[in-house]
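For reference, the structure is listed below as structure tokens.
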Amino acid sequence: MSRGGGRGGTGGGSGVDALLGALAEAVELGDGRVPEADLAAARRVAARAGERRALSSEHTVVGFFGATGSGKSSLLNAVAGEAVARTHVRRPTTSEALAAVWEPHGAEALLDWLEVRERRVMDRPFAGEGGAPLPVVLIDLPDFDSVALEHRAIAERLAGQVDVLVWVVDPQKYADAVIHRDFIAPLATHAAVTAAVLNQVDLLPPAEVPRVAASLEQLLRDDGLGRVLVLPVSARTGEGVEALRARIARFATERRAATERLAADVRAAAGRLEAAGTPGQVRGADAKALERGLAQAARVDAVARAVAGSYRKRAGQATGWPVTAWLLRLAPDPLRRLHLAVDRSRDRDADLHRTSLPPMGPAQRAQAGQAVRGYADAAAAGLGDGWATTIRERAAEALEALPAELDRAVARTDLGARGSWWWPLLGAIQWLALVVAVVGGVWLLLPVLLPLWGMVAPTIPQVAGTETWFDGWPIPLLALLGGITLGVLLGLLGAVLGGAIGAARRARARRRLTAEVRRTAQEVVVAPIEGERERARAFAAAVARASR
């Protein structure tokens with residue numbers, strides 16, 4: 001019998017509750033991401049565990065499993081001490097499960113759940129240490145290598161329900177690869193509630209028994225059962241029967257077999273869920289590549305250039321020479337052409353004030369797609385196929401939403417395109433210079449125009465006494481030339497300042513737009529994908545707890 005190779009104790013019912021809770025959490029987290037067959041198996045385990053725990057916790061159910069001719073029925077009779085199961089000619093094969101029941105009170109519902117209709121209540125007690133009677137149920141099962149599929153189905157079903165598994169093999173078939181591959185190895189996690197019996201040792205020379213038993217122990221270790229103690233038994237001669245009965249009595253005395261079995265079932269089910277993998281670390285370069293690709297798709301540089309162009313245009317209108325500055329009004333404002341107001345605020349409703357940026361073309365969609373898919377691939381690294389597929393589905397959903405979301409990001413950004421304090425100052429000086437120039441020009445025309453109307457022409461004053469080259473110049477001419485010159489110089493100054501400050505506004509707008517794109521990337525792409533990664537971590541943690 002094997003007591004090695006199992007896990008540590010489950011801590012009784014509370015331990016099984018913790019394992020079941022972890023398994024249920026893993027199943028919920030893995031829904032849609034782990035193969036449905038594995039999830040269904042885990043749900044069946046959880047349901048079966050709940051049903052078993054609701055039934056008799058006093059009885060220990062022991063199933064005798066074996067291939068055709070292994071002598072299961074004869075062995076059960078030997079352990080029971082009477083002919084419970086018919087053998088040989090009258091019952092050459094076991095077609096239905098048969099139960100031998102000790103202390104039957106409370107066992108009826110348990111046997112109904114096990115779907116065992118043939119039952120035999122034993123008169124003599126199944127005594128444990130000290131002679132105390134033990135509530136035990138021994139079940140003789142159909143051959144698990146039977147050619148009748150319904151017989152194999154019964155054996156396979158009950159292998160998942162009994163508390164203790166007794167594998168009965170004979171010297172002829174103990175090394176049969178089918179037995180080990182298809183039946184023993186899949187239940188290797190149940191080593192703590194498994195007994196291995198080499199039956200019919202009376203057919204071997206006494207010197208061969210230790211060698212065959214050691215060979216069987218090695219095969220069971222290869223199956224994953226850990227350090228296994230094989231009990232050599234002969235149902236015909238009675239050799240080893242008492243040792244097997246004592247081992248079963250020990251299971252029943254400890255009353256841990258059912259709990260250990262449920263815990264083993266949970267661990268086995270959790271083990272089949274461990275293909276989720278562990279998400280790796282997303283590098284900063286991957287996040288930067290995502291932001292860069294989305295910024296290109298959102299035309300951040302084009303909008304930033306529009307901010308600089310709008311500032312230069314409006315600065316020219318406000319500070320240029322009034323005679324020519326009005327021509328700038330004929331050119332469209334780059335920001336207003338994109339439906340981006342120059343005086344926008346941060347609380348502006350981006351849903352009501354969308355941009356007029358052209359829809360994403362193939363180039364922009366390709367940039368966004370490459371950026372999002374690259375990030376998704378990096379985020380899915382280390383995960384199983386189901387989780388990676390879900391992450392890529394989240395990426396595809398993000399790509400569908402990104403055109404509208406990026407437009408909203410641009411629309412809600414405070415671009416910092418407002419005018420500057422020096423515009424009115426230069427504008428006022430420009431108008432003053434224009435007035436001076438106009439006054440000087442009109443003054444120069446008066447000597448010509450007034451005589452035509454019969455009026456006396458005024459005298460044109462000249463500059464004198466300055467000891468500069470201005471001496472002798474007509475004051476009106478100086479006013480005209482000075483006003484024009486000052487207006488042109490102020491216009492040039494305004495253009496230079498407008499270009500420099502426009503470039504600074506462009507850089508600031510680009511930073512703000514990039515920040516909004518980063519926020520959009522976080523909300524639309526990163527958060528859903530990171531949610532899946534966090535779910536994968538929680539799933540892995542739940543599987544680990546269920547596998548303890």
Side-chain angles (χ1 to χ4, degrees), residues 300-348 353 355-356 410-411 413-446 460-463 466 468-471 473-515:
V300 165
D301 286 337
V303 175
R305 285 196 300 270
V307 170
S310 174
Y311 186 88
R312 289 195 302 269
K313 174 184 181 300
R314 289 179 291 116
Q317 292 175 196
T319 65
W321 191 35
V323 176
T324 58
W326 66 272
L327 294 173
L328 293 174
R329 299 183 182 276
L330 301 178
D333 187 291
L335 277 182
R336 295 187 186 279
R337 188 169 53 188
L338 298 178
H339 198 59
L340 294 172
V342 298
D343 57 348
R344 68 193 318 120
S345 61
R346 291 183 181 272
D347 57 354
R348 187 171 183 265
H353 302 275
T355 74
S356 294
V410 173
T413 302
D414 180 3
L415 299 173
R418 301 177 186 85
S420 295
W421 60 269
W422 53 271
W423 289 4
L425 177 61
L426 258 66
I429 298 174
Q430 281 279 30
W431 282 103
L432 179 61
L434 180 61
V435 169
V436 170
V438 169
V439 169
V442 171
W443 199 347
L444 286 175
L445 291 175
L446 288 178
I460 301 298
Q462 297 178 342
V463 178
T466 64
T468 66
W469 62 275
F470 286 112
D471 288 341
W473 281 70
I475 291 176
L477 179 60
L478 289 177
L480 173 62
L481 296 176
I484 293 174
T485 302
L486 180 60
V488 172
L489 291 176
L490 288 176
L492 292 174
L493 176 63
V496 171
L497 290 176
I501 297 176
R505 295 287 180 92
R506 173 183 175 179
R508 183 172 66 178
R510 191 180 189 285
R511 289 195 300 272
R512 291 181 177 180
L513 286 166
T514 301

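All values reported here derive from a predicted model rather than from experimental measurement.
Rounded to the nearest 0.5 Å, atoms CZ (Arg314) and CG (Leu328) are 12.5 Å apart. Going from atom CG of Leu486 over to atom CG of Leu481 covers 12.5 Å, rounded to the nearest 0.5 Å. Annotation: the span from Gln317 atom CD to Arg329 atom CZ amounts to 4.5 Å, rounded to 0.5 Å. Interatomic distance, CG of Leu434 versus CD1 of Ile429, reported as 13.5 Å (0.5 Å rounding). Distance CG/Leu425 to OG1/Thr319: 10.5 Å, rounded to 0.5 Å. With rounding to the nearest 0.5 Å, the separation of CG in Leu426 from CG in Leu497 is 7.0 Å.
Taking both residues in full, the closest heavy atoms of Ala437 and Gly483 are given as CB-CA, 3.8 Å, listed atom of the first, atom of the second, then distance. Closest approach of Arg508 to Gly416, counting heavy atoms only: NH2-O, 3.1 Å. Smallest separation of non-hydrogen atoms from Pro334 and Ala306: CB-O, 3.7 Å. Leu513 and Ala304 get closest at one heavy-atom pair: CD1-N, 4.2 Å. Between Ile460 and Pro476, the closest heavy-atom pair is CG2-CD, 3.8 Å. In terms of heavy atoms, Arg312 sits closest to Gly498 at CG-O, 3.6 Å.
Counting heavy atoms from C-beta on, the side chains of Leu335 and Leu415 come closer than 4.5 Å. Using a 4.5 Å heavy-atom cutoff, the side chains of Asp414 and Arg512 are in contact. Trp321 is not listed as a side-chain neighbour of Leu490, based on a closest heavy-atom distance of 4.5 Å or more. Residues Ser420 and Tyr311 have side chains in contact (heavy-atom distance under 4.5 Å, counting atoms from C-beta outward). Ile475 places none of its side-chain heavy atoms less than 4.5 Å from the side chain of Gln462. With contacts defined as side-chain heavy-atom distances shorter than 4.5 Å, the pair Leu477/Trp443 does not qualify.
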Quiz prompt | Residue pair Val300, Thr514: steps toward the side-chain contact (heavy atoms from CB on, under 4.5 Å) verdict | solution = CA-CA 7 Å; Val300 165; Thr514 301; 4.1 Å; yes
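Shown are Val436, Val442, Val435; of these, the side chain to side chain contact (heavy atoms under 4.5 Å, CB included) with Val439 is made only by Val435.
The 12-atom threshold is exceeded at CH2 of Trp422, counting heavy atoms of other residues, nucleotides or ligands nearer than 6.0 Å.
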